[in-house]
Asks: 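So that we are looking at the same thing, I have put the structure below in structure tokens.
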Amino acid sequence: MLHLLEALNNGNCDDCKFARPRSHNIYNGKANSRQRTLRLNEKMLLSLLLLATCLFHINFALEEDEDGPYRGKYLGKINSYHHQVSGDVYAVNEYTFLIIGFNYDGNGADTFFWAGASNRPGPQGFIVPDEYGKTNILDRYHNKDFTLSLPDRKKITEIKWLAVYDLNNQNNFGDVYIPEEFEPPRAQAGGTFSRRSHNVSSSAIEMLDSKTIRIKDFTYDGLGKRTFFWTGVGAQPSSRGSKIPDEMGYLDPIRKYDKETITLELPGDKTIFDIDWISIYDLADNENFGHVLIADNLNVPPSLVKITPYEFSLPNCRQLHKNLQVSWEVFGPQITLQLSGQVDKNDYMSFGISGSETSSQMIGADVVVAYIDDIRGYSVDYNITSLAPCVQVLGQNKGVCRDDVVGGLDSFQLNTYSRKDGINTITFRRTLISSDSGDKEIRLDKSNYVIWALGQLDSNSEPAFHYVYPKSDILIDFNTTEPINDCFSFTKRPDTPIQIWERVRLHDPTVRTFNAYLGPSGGLRGYQGVTGHVSSGLAWYINGYMTPELYLKRGLTYVFKVRGGNNPHSPEHYHPMVITDEPHGGYDRLSDAKQSEIRVLAGVEFTRRGRPKPTAAGPLCISKYPINYDRRLDDNFPSFKKFNRSLINICPNEEPATLEITPNITWPDTVYYNSFTHANMGWKIHIIDSFSNVRNNAITNVVSMPIKLTLMLYCFIFVAKVMHGL
């Protein structure tokens, strides 16, 4: 709207221009009065047309401004004839209408949404399913917003009208017409990133909807100092802009990209109509490494992203991730903190002071773990001495442990908590200088390095391995002279199911030995997706597969060669194998009462005092990530096979520990292999009486894949020979 007024004021309204008829040279010497009159009339006509065109564009801009959020291409108000039918209709894309404020009294006898290609609504047409995809007779509607999709992939351009029509009486209660040469909203192609420096390049970008941009073949060398996806208004990129979260929602300096296709979502309520460019911009040197311009008035679909405005109650706010904010206020010797996160019900939010004064570091950090259960909220003080769940090492608790477990105090005082629209908000307070020697001081004389994370709670309401966390240093000055606020509304896309990696089942009757070692758990598509359990970060790999299901026959003897670490001083890499009737593992972490409820089948013996002692602790054999690999990208691998190929296996030349078992008739049909020290690292063992039953159930035998591939190859050769003979 503003750019139209400015253009009118400057006399160069491009949107208002049209082809002016070529003027004829009808003047020879002095123009007679008739010729002057004709030219004056021509000028008046052109002026009126120009004014009408500009007024149309101004009115269109005003309509968009007044209507609020972008909803697609406006088709018009429903023409109301009977039964109080009314509403506004938009085209969302080639196949879908959005109807805003729809009303209908529900008193028609045989009434449907009806569409057709005839000149007027009539019996020649077809039923358009309602907002639920049903073709039932319409009920009463009162000021309702919903979408309608044309059936059988019919396009809006193939019809001339949409109506509320009664088939019994062939009566049209209300309609809206599709203009001729109508262009429905669709994804629009844009330019490519300019190649200025740091190898920035891309193929043509694509505006998928009003908030979503897909960048194909994106390349950036990752060597900038503080480089971000950056957007703003104006002819060229400048420091007067704002960050765009990267493809994973992070607001940290972006990583290296090599011809990758990524999808960016504009933050908060910002749309492509609010920006003029997207840049790869380095804030440290105020340098534009490359940018692409965004065209005006793009005819794109509206975004399906749900925007949840959020008003924080404290004066300062920092957006840590698209799904996490921290707010604070310092008053005297205390600081009040508020964490707001768009998280699932069983998730925790963690935030605290780094374990290092020169970088953001987890080891040695002092953090709060905040969450809400079915009853109340919590803000629990934790100390991090190792990148592992809290375990006992030679009588001392090491790992991510509550302060009160390691001899400290819980220094956080819970104030308020709430969960609304999928957002957890927890407010708590602590003193800047705590009386607990294990707590970090919150400095006001300089900026503080902080850490944060989002993750799931395990079955004991303890924080499991975090699935969202930063890789770069984060500094916050808690003592600013002016309030700071870079927070924006939370956004959420419709949930899409995660395609988990293949489930592996080993049931070869000839295999009696299993090699067990450690490896990474592989993100949401790996251990967590396959088992449904939260991950500790590591998982058992059996015969080269991540946590396969095993099928063992009663009466036969099997041997596990265990290489899970035998150094009890290491809280991260000490994992004797145990087999129990309980699915989670971590037997050593459980209370005596919980241990008494579990049947231990192998891997543990008990001392004279009744304390459990592991028997299958072997040398550490582990598959690791390559140096500088970002494990947050695990879910980019389409299969475990490709993920596994990226890992580096480190295994000493030492004899493994052996765990020998002979399942008998007393064993349950399902037992579990796991770690003695950590929960959620293993999976199922099916105890069966006959392998023929397994084969009859057509369970995939992964071990026999080479044989199957050979048979498939023979089939292809046979078919080729037959075809050649024909």
Side-chain angles (χ1 to χ4, degrees), residues 250-252 314 316-321 323-330 333-341 343 347-372 377-390 397-415 417 424-444 446-457 461-479:
Y250 292 95
L251 294 157
D252 307 325
L314 301 177
N316 303 284
C317 187
R318 175 81 176 267
Q319 193 84 30
L320 300 173
H321 181 272
N323 291 330
L324 181 64
Q325 301 170 351
V326 60
S327 308
W328 70 91
E329 181 179 31
V330 176
Q334 291 189 325
I335 183 169
T336 301
L337 294 160
Q338 178 176 285
L339 291 178
S340 302
V343 294
D347 286 358
Y348 66 84
M349 304 176 289
S350 179
F351 176 83
I353 303 300
S354 167
S356 168
E357 293 190 358
T358 59
S359 64
S360 293
Q361 174 184 294
M362 283 190 65
I363 299 294
D366 174 29
V367 302
V368 62
V369 173
Y371 61 95
I372 299 175
Y378 298 85
S379 58
V380 186
D381 201 349
Y382 274 76
N383 186 272
I384 302 176
T385 56
S386 175
L387 303 181
C390 189
N397 288 289
K398 300 288 185 182
V400 181
C401 298
R402 297 197 313 269
D403 275 24
D404 55 9
V405 171
V406 295
L409 301 172
D410 191 337
S411 303
F412 291 104
Q413 178 186 346
L414 179 69
N415 285 2
Y417 58 90
N424 281 3
T425 302
I426 302 176
T427 309
F428 46 92
R429 180 183 299 131
R430 62 155 279 187
T431 56
L432 297 170
I433 303 175
S434 172
S435 58
D436 184 352
S437 60
D439 287 344
K440 296 285 185 181
E441 178 184 353
I442 298 177
R443 303 287 295 270
L444 298 183
K446 65 177 184 178
S447 297
N448 296 258
Y449 283 96
V450 300
I451 64 170
W452 62 266
L454 300 175
Q456 283 188 300
L457 298 167
S461 294
E462 292 287 339
F465 185 79
H466 38 264
Y467 60 84
V468 180
Y469 59 98
K471 294 283 286 186
S472 59
D473 294 333
I474 302 170
L475 276 167
I476 293 183
D477 184 356
F478 291 105
N479 191 30

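Every value quoted in this text rests on a predicted model; they were computed, and no experiment measured them. Atom set for the values below is all heavy atoms of this structure, side chains included, hydrogens, waters and symmetry mates excluded.
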Asks: Please identify each residue that fulfils side chain to side chain contact (heavy atoms under 4.5 Å, CB included) with Leu444, with sequence neighbours left out.
Replies: Val330, Leu432, Phe478, Asn479

Asks: Would you say that Asp410 contacts Val380 through its side chain, given a criterion of any heavy-atom pair below 4.5 Å between the two side chains?
Replies: yes

Asks: Just so I know, are the side chains of Leu409 and Asp403 near enough to count as touching, which here means a heavy-atom distance under 4.5 Å?
Replies: no

Asks: Can you name the closest pair of heavy atoms from Asp252 and Ser472 and give their distance?
Replies: CB-OG, 3.2 Å

Asks: Could you work out, with salt bridge (Lys or Arg N to Asp or Glu O under 4.0 Å) as the rule, every residue matching Asp366, not counting sequence neighbours?
Replies: Arg430

Asks: Considering non-hydrogen atoms only, spot the tightest contact between Gly355 and Lys440 and give its length.
Replies: O-NZ, 3.9 Å

Asks: With sequence neighbours left out, write down each residue that passes side chain to side chain donor-acceptor pair (under 3.5 Å) with Thr358, or none if nothing qualifies.
Replies: Ser356

Asks: Does any non-hydrogen side-chain atom of Gln325 lie less than 4.5 Å from one of Leu320?
Replies: no

Asks: Does anything in residues 355-365 pair up under salt bridge (charged side-chain N to carboxylate O under 4.0 Å, His left out), and if so which pairs, sequence neighbours excluded?
Replies: Glu357-Lys446

Asks: Within the side chain of Ser354, is there an N or O that forms a donor-acceptor pair under 3.5 Å with the backbone of Gln361?
Replies: yes

Asks: So, taking the atom named CD1 in Ile433 and the one named CZ in Arg443, what distance separates them when rounded to the nearest 0.5 Å?
Replies: 8.5 Å

Asks: Considering residues at least two apart in sequence or located in another chain, which fulfil the side chain to side chain contact (heavy atoms under 4.5 Å, CB included) criterion with Tyr467?
Replies: Asp347, Leu454, Gln456

Asks: Compare every heavy atom of Ile451 with every heavy atom of Val367, then report the nearest pair and how far apart it is.
Replies: CG1-CD1, 3.6 Å

Asks: Going by side chain to side chain donor-acceptor pair (under 3.5 Å), name the residues that satisfy it together with Asn383, two or more places apart in sequence or in a different chain.
Replies: none

Asks: Give a yes or no on whether the backbone of Asn323 and the side-chain of His321 come within a donor-acceptor separation of less than 3.5 Å.
Replies: yes

Asks: Heavy atoms only: give me the nearest Tyr449-Ser360 pair and the separation to one decimal.
Replies: CD2-N, 3.8 Å

Asks: Return the CD to SG distance between Glu462 and Cys401, rounded to the nearest 0.5 Å.
Replies: 8.0 Å

Asks: Closest heavy-atom contact between Gly341 and Met349?
Replies: N-SD, 3.4 Å

Asks: Are the side chains of Asn415 and Thr336 in touch, meaning some heavy atoms are under 4.5 Å apart?
Replies: yes

Asks: Got Arg318 and Ile476 here, is their nearest side-chain heavy-atom distance under 4.5 Å?
Replies: yes

Asks: Look up atom CG in Asp473 and atom OG in Ser359, then write down how far apart they are to the nearest 0.5 Å.
Replies: 5.0 Å

Asks: Which atom names give the shortest non-hydrogen contact between Ser386 and Ile363, and what distance separates them?
Replies: CA-CD1, 3.7 Å

Asks: Can you list everything that forms a salt bridge (Lys or Arg N to Asp or Glu O under 4.0 Å) with Asp404? Sequence neighbours excluded, please.
Replies: Arg402

Asks: Which distance, rounded to the nearest 0.5 Å, do you find between the CG of Leu324 and the CG of Leu251?
Replies: 10.0 Å

Asks: Within the distance-only criterion (no hydrogens, no angle test), does the side chain of Asp477 pair as donor or acceptor with the backbone N or O of Ser447 below 3.5 angstrom?
Replies: no

Asks: According to side chain to side chain contact (heavy atoms under 4.5 Å, CB included), who are the partners of Phe428, at least two apart in sequence or on a separate chain?
Replies: Leu337, Leu339, Val368, Ser379, Phe412, Ile426

Asks: Kindly write out the residues that satisfy side chain to side chain contact (heavy atoms under 4.5 Å, CB included) with Gln334, not counting sequence neighbours, or none if the list is empty.
Replies: Arg429, Thr431

Asks: Please name all residues satisfying side chain to side chain donor-acceptor pair (under 3.5 Å) with Tyr348, sequence neighbours left out, ordered by chain then number.
Replies: none

Asks: If the condition is side chain to side chain donor-acceptor pair (under 3.5 Å), which residues does Asp439 pass it with, not counting sequence neighbours?
Replies: Ser411, Ser434

Asks: Report the residues that fulfil ring-ring contact (aromatic ring centres under 6.0 Å, His included) with Tyr371, sequence neighbours left out, ordered by chain and then residue number.
Replies: Tyr378

Asks: Do the side chains of Tyr250 and Val468 get nearer than 4.5 Å, heavy atoms only?
Replies: yes

Asks: So do the side chains of Trp452 and Pro470 get within less than 4.5 Å of each other, counting heavy atoms only?
Replies: yes

